[in-house]
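Read through the structure below, which is laid out as structure tokens, and then see the notes.
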Amino acid sequence: MTNADIVDILEQTTKLLELHNDDPFKIRSYQSTAFNLDKLTEDITELPATELVKLPGIGKSMANKIREIIDTGHLNELDTLLSQTPEGVLDMFRIKGIGPKKIRTIWHELGIENLRDLQLACENGQIATLKGFGASTQEKILSSLEFLQSQSGKIRMDKADALAGVLRDAIAPQVDRVEISGQVRRKAQEVDTIQLLIGTSQLRATMNALNTIPFLHQHAAESSPFAWRGSMDGTEVAIELLLYPANQLDRQLFIHTAAEAHLKQAGQAGQTLLQAAMSGDDTTETAIYDRAGLPYIVPEMREDAFAFRWSAYHQADELVTWDDLRGTLHNHSTWSDGKHTLGQMADATRELGLSYFGIADHSQTAAYANGLKPQQVREQHADIDRLNEQYGPDFQILKGIESDILGDGSLDYETDTLALFDYVVASVHQNLNMAIDKATARLIKAIENPYTTILGHPTGRLLLARAGYPIDHKAVIDACAAHHVIIEINASPYRLDIDWRWIDYAMQQGVMLSINPDAHSTTGLLDMHYGIAIGRKGGLTRKMTFNALTLPEMKAWLADRKQRKGIELPANSR
DNA sequence: GCCGTTTTCGGCCCGACTGTTTTCAGTCG
């Protein structure tokens with residue numbers, strides 16, 4: 001039981017209390033307790049009820065509930081609420097654009113208790129007739145349902161990575177060799193099958209051993225003597241474990257890592273990669289590409305023919321790696337909605353061996369996230385100056401902000417405040433369902449703003465949960481090129497935005513990309529690993545990676561850009 | 001459910017935006 005588990009249970013209780021029309025102020029109390037616990041860095045599970053009541057917004061009752069969760073793993077109240085709610089109604093919470101109140105209306109007014117019936121009710125126009133609903137809401141529900149259907153059975157790369165690791169560790173003691181292959185090895189941002197290859201000469205014994213692993217459940221109908229297929233506790237994703245003789249494993253690892261479209265590629269030798277993998281004795285991956293007469297492609301890029309178009313003017317060793325990173329630019333602290341202080345975040349960054357920590361807390365419009373008012377910006381900068389004096393020249397905190405892009409494309413500070421920052425990450429956080437023309441124009445206006453340095457998470461998508469607003473990617477990237485704006489690869493595994501398929505186009509237009517963790521805690525900094533993986537998949541070179549610039553290079557770049565944009569540097573600037 | 005008393009009740013309350021209204025409830029980040 002961790003802080004996050006407790007927060008999850010409280011948040012779910014909040015939603016269900018709202019669904020069941022409980023007292024709004026009681027609900028608020030649960031909500032704020034969850035909110036406050038989420039920000040806590042100390043381990044709540046160690047605190048007795050007498051200590052819990054000292055936390056803001058937590059009284060005797062909430063303290064006891066928190067202890068109940070810690071001690072039993074359950075909250076009685078939540079279990080009761082769950083027992084009173086059909087599972088299909090719970091599923092409705094995944095639909096974007098409707099919340100507890102509207103779900104309650106759908107459930108109680110129309111008696112709808114599952115997503116299928118909800119879809120039918122949308123299709124025959126029933127939803128639009130409900131009080132508080134209209135044709136637009138009905139349309140939104142329908143498109144959200146379609147999106148959810150298209151995403152079912154998939155999980156994000158971070159979860160897939162972790163599950164594949166658990167599987168490998170459970171299988172390893174039982175077999176000669178086990179390797180993670182497929183989408184996970186290819187660093188796909190979404191995974192529908194976790195695949196591992198097992199090297200063994202004892203088919204039946206290995207199958208039996210696999211079936212002794214308690215959290216695995218074989219689906220016999222889909223399996224064969226050479227392939228274990230089934231599921232794993234705690235996830236809907238498919239599990240596939242393929243058995244091969246040990247001497248075939250390298251060859252098969254190559255074949256099962258690459259997507260089919262990649263294997264079909266043929267090189268000068270006239271062989272496809274698949275043919276090259278199946279023939280010949282040397283089964284190292286470089287040898288297979290050699291035999292096919294094709295350049296070596298890293299596992300991340302083995303999706304389709306793009307990798308070979310890319311190799312026409314790049315080498316694999318130009319791809320960015322973690323070791324190329326010199327700093328990090330999009331991060332939050334306790335000044336807005338982060339968990340750790342500015343000093344803790346900067347220290348953690350320095351411990352990673354990086355030489356600059358860019359703070360980009362939320363701006364004033366983001367009231368929900370404690371966005372900084374102009375006065376607080378000045379106070380934070382005084383804090384940074386103080387810390388920077390302690391750090392000395394080899395490590396520095398850079399003064400950034402994540403400024404909200406308002407509905408009309410303007411940034412949410414006056415220019416006298418914007419001029420105080422070393423750089424500005426401009427991001428959309430509200431008004432997320434614009435049509436493509438309006439959304440594109442909005443972003444371009446923000447890009448044209450001389451204070452915008454980096455365009456943050458360009459589409460606002462949340463993988464598997466929200467499609468994001470549609471934008472004309474080429475127009476946005478071209479605008480970034482024209483105005484010397486960097487594009488963020490938001491490295492949070494929930495976002496991975498801009499999509500990797502646009503990285504090469506951006507590079508071709510001369511637009512640099514910044515691998516930004518959007519870290520809200522010290523561990524969040526490590527999300528840059530996902531950004532690296534997805535950047536490499538898109539062909540991102542170290543040369544075009546903005547935060548691969550050294551500290552002196554970064555400072556010079558930012559100062560030079562300000563000068564070119566005619567922005568007056570503050571009097572006390574370095 | 002929490003909080004703070006002019007102390008055991010009554011007030012509490014992110015703000016922008018949308019879509020639904022015809023003044024505002026619901027949702028979102």
Side-chain angles (χ1 to χ4, degrees), chain A residues 10-11 13-39 49 52-66 68 75 77-78 92-106 109 127-141 144 332 336-338 361-373 376 402-412 427-435 438-439 442 456-457 459-462 465-469 490 492 494-495 497 518 520:
Chain A
L10 290 174
E11 280 176 346
T13 310
T14 306
K15 283 197 304 194
L16 288 184
L17 285 171
E18 234 175 322
L19 177 72
H20 288 273
N21 219 8
D22 213 311
D23 172 33
F25 290 110
K26 177 179 163 185
I27 294 166
R28 182 177 297 283
S29 187
Y30 275 79
Q31 203 164 30
S32 72
T33 301
F35 184 76
N36 286 319
L37 290 186
D38 192 36
K39 284 199 300 190
L52 287 168
V53 292
K54 292 180 186 165
L55 297 167
I58 296 176
K60 214 171 133 189
S61 169
M62 287 306 302
N64 284 331
K65 287 178 202 295
I66 294 168
E68 182 191 343
L75 182 61
E77 191 168 6
L78 175 60
M92 294 181 200
F93 280 100
R94 288 158 58 211
I95 299 169
K96 294 287 168 183
I98 60 171
K101 296 285 170 59
K102 285 207 155 67
I103 294 173
R104 180 179 170 81
T105 306
I106 292 167
E109 298 294 318
I127 294 296
T129 65
L130 288 170
K131 190 174 162 60
F133 291 64
S136 166
T137 303
Q138 181 171 270
E139 193 47 47
K140 207 152 67 176
I141 294 173
S144 184
H332 299 268
S336 66
D337 63 348
D361 269 316
H362 285 285
S363 57
Q364 55 185 343
T365 309
Y368 64 93
N370 234 343
L372 274 59
K373 302 271 182 235
Q376 293 172 297
E402 182 177 23
S403 181
D404 273 19
I405 300 174
L406 302 178
D408 66 356
S410 56
L411 300 182
D412 72 334
S427 308
V428 168
H429 284 118
Q430 64 266 151
N431 204 345
L432 293 162
N433 37 21
M434 281 188 176
K438 230 177 144 187
R442 178 191 197 184
H457 45 70
T459 73
R461 76 176 179 189
L462 293 177
R466 182 175 73 205
Y469 41 86
N490 190 294
S492 162
Y494 288 82
R495 293 187 182 271
D497 181 17
D518 203 350
H520 285 72

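Computed from a predicted structure; not experimentally measured. To find a chain, count down the sequence lines: A is the first, B the second, and so on, and within it residues start at 1.
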Nearest-angstrom distance, [atom1] atom, [N] to [M]:
| N | M | atom1 | answer |
| --- | --- | --- | --- |
| B:dG26 | B:dC13 | C1' | 15 Å |
| B:dA25 | B:dT21 | C1' | 10 Å |
| B:dC12 | B:dC17 | C1' | 24 Å |
| B:dC3 | B:dT8 | C1' | 12 Å |
| B:dC14 | B:dT7 | P | 26 Å |
| B:dG10 | B:dA16 | C1' | 29 Å |
| B:dG11 | B:dT6 | C1' | 14 Å |
| B:dG15 | B:dT20 | P | 25 Å |

Q.
For a quick check of understanding: with a heavy-atom distance under 4.0 Å over all strands, which category does A:Pro24 fall into, base, sugar-phosphate or nothing?
A. nothing
Q) Base, sugar-phosphate alone, or nothing: which one does A:Asp404 contact when heavy atoms must sit under 4.0 Å apart? A)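 Result for A:Asp404 = nothing.
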**Q.** Within-4.5 Å side-chain heavy-atom neighbours: A:Phe93 and A:Lys15
**A.** yes
Spacing of [X] atom [atom1] relative to [N] atom [atom2], expressed in whole Å:
| X | N | atom1 | atom2 | answer |
| --- | --- | --- | --- | --- |
| A:Ile106 | B:dG26 | CD1 | P | 13 Å |
| A:Asn36 | B:dG1 | CG | P | 17 Å |
| A:Ile27 | B:dG11 | CD1 | P | 19 Å |
| A:Ile95 | B:dC28 | CD1 | P | 11 Å |
| A:Leu432 | B:dG26 | CG | P | 21 Å |

Q) So which nucleotide does B:dT8 pair with, by the Watson-Crick or G-U wobble rule with both distances under 3.5 Å? A) none
**Q.** ring pair (Phe, Tyr, Trp, His ring centres under 6.0 Å) against A:His457, all qualifying residues, sequence neighbours excluded
**A.** A:His429
Q.
So if I define the base as every atom that isn't primed, P, OP1 or OP2, how would nucleotides 13-23 of chain B read as a B/S/- string at a heavy-atom cutoff under 4.0 Å?
A. -BS-SSSS---
Under the side-chain hydrogen bond (donor to acceptor under 3.5 Å, both in side chains) test, residues paired with [X] that sit two or more places apart:
| X | result |
| --- | --- |
| A:Asp337 | A:His362, A:His520 |
| A:Arg442 | none |
| A:Asp408 | A:Ser410 |

Q | Comparing A:Glu18 and A:Lys26 on DNA chain B - which has the more 5′ nearest nucleotide | A | A:Lys26
Q: Give the minimum heavy-atom separation between A:Leu411 and A:Leu406, together with the two atoms involved.
A: O-CD1, 4.2 Å
Is it true that the side chains of [X] and [Y] contain a donor and an acceptor less than 3.5 Å apart?
| X | Y | answer |
| --- | --- | --- |
| A:Thr14 | A:Gln31 | no |
| A:Glu18 | A:Tyr30 | no |
| A:Asp412 | A:Ser403 | yes |

Q: Flag yes if more than 12 heavy atoms outside A:Tyr494 fall under 6.0 Å of its OH atom; otherwise flag no.
A: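 No, the 6.0 Å shell around OH holds no more than 12 heavy atoms from other groups.
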Anything under 3.5 Å between a protein N or O and an N or O of nucleotides 2-4 of chain B, put it in a table, one pair a line.
from  : atom 1 : to      : atom 2 : distance (Å)
B:dC2 : OP1    : A:Gly59 : N      : 2.7
B:dC2 : OP1    : A:Gly59 : O      : 3.3
B:dC2 : OP1    : A:Met62 : N      : 3.0
B:dC3 : OP1    : A:Gly57 : N      : 3.0

